[in-house]
Amino acid sequence: MLFAGQVILGKWWGEASPDQRRRFAEALYGNLLRRHAPSLLLVTDGMVSIDDSPPPAAGAGEARLAVTVRVPGYAPVPVTLYFRRTGQHWRVFDARVEDFSPLLQLRNLFSAEIRDTGLAAVIRRLESENPPSASPGQRARQCLDRALGP
């Protein structure tokens, strides 16, 4: 979560306090989860196939995996998932579709907003869009509950 926040904040990361970094990353995570988790729940095993990708080198901190997403009625979409090792776990931090990176797109959008309104205002906006006092894990469960229904 913090790594993606650092990549998205880019040059602003160095100017942010540790508290601002944490709050930005948590608010961004909650915002992305609220927006995209219900759609991701619609993806089934048959819609995604793993392409031939070399395994990461022993001790590597980053890796990538090529997959193809097939949605009925649409052309197959090649996607490259970028992972970063955190402890014993691999976590996706970017997914590129035809060289389009949502992570870099967010960096551009937030950089412009921070330049115009300031980092504190951006953090407050993101936090205001998330349910009050909900941790990222609680927000994930709320998204799942809404998507899956009673």
Side-chain angles (χ1 to χ4, degrees), residues 1-45 47-51 53-69 71 77-148:
M1 182 167 51
L2 275 176
F3 178 72
Q6 180 178 0
V7 172
I8 290 169
L9 278 180
K11 67 179 183 180
W12 304 104
W13 183 262
E15 297 177 22
S17 71
D19 183 61
Q20 285 177 315
R21 292 172 181 172
R22 179 192 56 76
R23 287 177 54 214
F24 176 82
E26 287 179 1
L28 175 69
Y29 180 78
N31 186 283
L32 293 173
L33 205 61
R34 183 178 47 77
R35 289 179 181 207
H36 301 293
S39 297
L40 291 173
L41 290 172
L42 299 175
V43 176
T44 64
D45 286 345
M47 296 169 77
V48 179
S49 60
I50 299 173
D51 302 337
S53 297
E62 292 189 7
R64 64 181 168 184
L65 179 67
V67 300
T68 301
V69 179
V71 177
V77 177
V79 178
T80 304
L81 300 173
Y82 290 83
F83 294 82
R84 184 171 179 87
R85 185 187 299 271
T86 57
Q88 297 298 315
H89 304 283
W90 288 96
R91 306 219 188 267
V92 174
F93 71 88
D94 198 8
R96 295 191 182 173
V97 179
E98 297 177 356
D99 287 335
F100 171 78
S101 166
L103 193 70
L104 298 179
Q105 176 68 20
L106 286 171
R107 177 193 287 179
N108 293 335
L109 292 170
F110 280 109
S111 184
E113 186 179 357
I114 292 167
R115 191 174 38 256
D116 293 344
T117 65
L119 180 58
V122 170
I123 293 170
R124 282 193 302 273
R125 179 186 62 77
L126 286 171
E127 289 174 338
S128 74
E129 294 173 357
N130 293 324
S133 70
S135 71
Q138 290 167 324
R139 286 192 290 274
R141 283 187 288 282
Q142 290 167 354
C143 284
L144 287 169
D145 291 343
R146 279 194 305 275
L148 299 176

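What you see below is based on every heavy atom in this structure, not just the backbone, and it leaves out hydrogens, waters and symmetry mates.
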Applied to residues 79-105, the ring-ring contact (aromatic ring centres under 6.0 Å, His included) test, sequence neighbours excluded, yields Phe3-Phe93
Residues pairing under salt bridge (charged side-chain N to carboxylate O under 4.0 Å, His left out) where one sits in residues 7-18, two or more places apart or in two chains, turn out to be none
When rounded to the nearest 0.5 Å, the distance separating CG of Asn31 from CG of Asn130 is 5.5 Å
Quick note, salt bridge (charged side-chain N to carboxylate O under 4.0 Å, His left out) partners involving residues 97-121, not counting sequence neighbours, are Glu113-Arg125
Taken in chain and number order and not counting sequence neighbours, the residues that satisfy side chain to side chain contact (heavy atoms under 4.5 Å, CB included) with Asp19 are Ser17, Arg22, Arg23
Measure the shortest side-chain to side-chain distance between Val79 and Val48 over non-hydrogen atoms and say whether it is less than 4.5 angstrom. no
Taken in chain and number order and not counting sequence neighbours, the residues that satisfy salt bridge (charged side-chain N to carboxylate O under 4.0 Å, His left out) with Arg96 are Asp94
In short, ring-ring contact (aromatic ring centres under 6.0 Å, His included) pairs touching residues 9-28 with sequence neighbours left out are Phe24-Phe110
Sequence neighbours excluded, the answer for side chain to side chain donor-acceptor pair (under 3.5 Å) partners of Thr86 is Arg91
CD1 (Ile8) and CD (Gln105) are apart, to the nearest 0.5 Å, by 11.0 Å
Please tabulate, one pair per line, all N/O donor-acceptor pairs under 3.5 Å involving side-chain atoms of residues 54-69, not counting sequence neighbours.
| unit_1 | atom_1 | unit_2 | atom_2 | d |
| --- | --- | --- | --- | --- |
| Glu62 | OE2 | Arg84 | NH1 | 2.8 |
| Thr68 | OG1 | Asp51 | OD1 | 3.1 |
| Thr68 | OG1 | Asp51 | OD2 | 3.1 |

- Message: Less than 4.5 Å apart, side chain to side chain, heavy atoms only: is that true for Ile114 and Leu9?
- Response: yes
